[in-house]
Chemist: 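Dumping the structure here so I can ask a few things about it.
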Protein chains: 2
Amino acid sequence: MSSGRVETQRTKSAADKRRLILDAAVRVFARQGFHACRVSDIADEAGVAYGLVYHYFASKDEVLDTLFLERWNVMLELIRQVDGEQMPVRDKLEAIASFIVDSYQHDPDLMKVIIVEVTRAANSFGNTHIATIREAYDLIGGMISEAQAAGLFKSEIDARFAAMAFYGAIEQLLTGWIFELLPQGPEDFKRAKWLVVETVCGGLESRAGEQERLG
Amino acid sequence: MSSGRVETQRTKSAADKRRLILDAAVRVFARQGFHACRVSDIADEAGVAYGLVYHYFASKDEVLDTLFLERWNVMLELIRQVDGEQMPVRDKLEAIASFIVDSYQHDPDLMKVIIVEVTRAANSFGNTHIATIREAYDLIGGMISEAQAAGLFKSEIDARFAAMAFYGAIEQLLTGWIFELLPQGPEDFKRAKWLVVETVCGGLESRAGEQERLG
DNA sequence: CGTCATTGACTGACCAGTCAATCTATGTCG
DNA sequence: CGACATAGATTGACTGGTCAGTCAATGACG
């Protein structure tokens with residue numbers, strides 16, 4: 001029992017150091033960018049020796065890979081779960097938007113790193129993880145496709161394109177927050193979740209506007 | 001007259017070298033990424049000596065700055081022009097979407113570089129050019145705001161957020177093409193222009209779907 | 001004492017930017 | 001016309017600094 005506790009303690013302690021480094025890396029990557037920062041910056045931020053980073057990770061790249069995969073897999077799980085449930089498309093899309101916005105609200109640095117250093121980095125990490133990234137797009141595309149088959153969504157708009165537009169709209173809101181171009185109070189986050197879904201599903205046009213255009 | 005022609009010839013020739021370097025840089029940046037490429041790669045690609053790059057540009061950064069500003073300013077001009085014209089919002093937004101999609105179709109490498117290396121690079125070039133980038137978002141936001149004031153667009157959706165969602169949707173389509181996740185035939189480009197506007201203005205929901213949701 | 005965690009000085013490679021030399025085109029003047 | 005002058009274009013070897021990754025030594029703990 002005592003040895004078990006101690007064992008757990010030791011393991012936990014080791015795991016904590018690893019996490020300490022990961023969390024420090026998030027802050028450093030967010031502050032300076034992946035390329036602009038040195039591995040020693042991460043070690044310093046974590047309060048550990050330079051070499052320890054290489055005890056837990058094979059390379060600087062692997063640190064970012066780990067951060068990305070950790071978060072993206074949680075999101076994939078959420079999307080898969082939502083996908084399996086019986087609920088209106090609109091609610092499904094709102095659940096996804098909510099998750100992403102909540103992720104940003106909870107850890108803006110991490111989401112900044114993921115967006116800035118991975119999902120758009122077509123020549124480096126983005127390319128490495130393209131299959132994983134794509135999975136999210138495909139799942140969303142599937143949901144939209146289903147809604148189209150059910151007659152709830154227009155069929156003229158290719159589901160894959162619509163999925164990208166939807167995801168892109170969300171990511172750009174985060175980008176707006178990252179660049180401090182959009183207000184980010186609790187109320188703004190809450191409204192943003194609804195706003196993206198309303199824009200993409202219901203459209204920006206008011207009933208009157210739409211009628212005017214069509215009439 | 002003769003000396004004038006010769007003068008023009010010389011000037012043009014010098015300008016051509018500069019352009020040669022810029023065009024080569026686009027290809028190299030698109031292929032390898034800004035950070036991963038060396039200045040010598042640009043020189044080699046352009047078929048000029050290493051030092052000549054520094055005759056025309058103060059630094060590697062300045063090459064990318066130049067490429068970005070050249071293109072972004074053309075876009076800003078287009079948006080301003082559209083903004084000043086008397087035409088339906090939908091057509092204005094479609095003009096913008098068309099311009100961006102056409103830009104990609106005409107020079108995918110350049111748009112890849114601008115999106116990947118600048119508009120999302122929150123810690124480097126994106127931050128440098130944030131004021132210029134923002135101008136585009138603001139102009140689009142202004143158009144949406146006007147449409148809301150005229151009762152054509154819903155007023156519940158903050159115009160700045162809507163503008164980001166709209167722009168983000170377009171940029172994500174380009175990202176989809178860049179990562180080769182979306183088909184990119186001439187027909188796909190044509191439909192994409194319409195699709196983004198239809199999604200954002202009219203919404204994905206079919207009349208039947210919307211009625212079902214509301215009823 | 002054996003195992004794993006931790007340390008940080010060191011190395012080897014890499015590359016942006018410099019610069020002195022060379023070339024080319026044009027202008028000028030005897 | 002030809003010799004010389006000037007300025008800008010062009011060249012590429014070189015330098016100085018940076019930094020990812022290594023490793024031998026030390027510490028902690030059972």
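None of these values were measured; they are calculated from a predicted model. In what follows, every heavy atom counts, from backbone to side chain, and hydrogens, waters and symmetry copies are set aside.
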Chemist: Rounding to a whole Å, what distance do you find between A:K17:NZ and C:dC4:P?
Modeler: 17 Å
Chemist: How many Å lie between CZ on B:F57 and P on D:dA9, as a whole number?
Modeler: 13 Å
Chemist: So do the side chains of B:D102 and B:K193 get within less than 4.5 Å of each other, counting heavy atoms only?
Modeler: yes
Chemist: What orientation do A:Y104 and A:W177 show, parallel under 30°, tilted 30 to 60°, or perpendicular over 60°?
Modeler: parallel
Chemist: Would you kindly say whether A:Q81 and A:E77 are connected by a side-chain donor-acceptor distance under 3.5 Å?
Modeler: no
Chemist: Is the closest side-chain heavy-atom distance between B:R160 and B:Y137 below 4.5 Å?
Modeler: no
Chemist: OP1 or OP2 of C:dT6 less than 4.0 angstrom from a side-chain nitrogen or oxygen of A:H55, does that happen here?
Modeler: no
Chemist: What parts of residues 32-42 of chain B reach DNA chain C, counting only heavy atoms under 4.0 Å away?
Modeler: B:C37, B:R38, B:V39
Chemist: Over 60° means perpendicular and under 30° means parallel, so tell me whether A:H35 and B:H35 are parallel, tilted or perpendicular.
Modeler: parallel
Chemist: Please report, rounded to the nearest Å, how far the P atom of C:dC23 is from the CG atom of B:L52.
Modeler: 16 Å
Chemist: Relative to the ring of A:Y50, is the ring of A:Y54 parallel (under 30°), tilted (30 to 60°) or perpendicular (over 60°)?
Modeler: tilted
Chemist: Please check if the side chain of B:K60 supplies one atom and the backbone of B:F34 the other of a donor-acceptor pair under 3.5 Å.
Modeler: yes
Chemist: May I ask you to verify if any side-chain N or O of A:Y54 is less than 4.0 angstrom from the OP1 or OP2 atom of D:dC23?
Modeler: no
Chemist: What I want to find out is whether A:R38 reaches A:D44 closely enough, with some N-O distance under 4.0 Å, to be called a salt bridge.
Modeler: no
Chemist: Can you measure B:K60 atom NZ to C:dT18 atom C1' for me and round it to whole angstrom units?
Modeler: 17 Å
Chemist: Listed in order of residue number, which residues of residues 44-51 of chain B have a non-hydrogen atom at under 4.0 Å from DNA chain D?
Modeler: B:V48, B:A49, B:Y50, B:G51
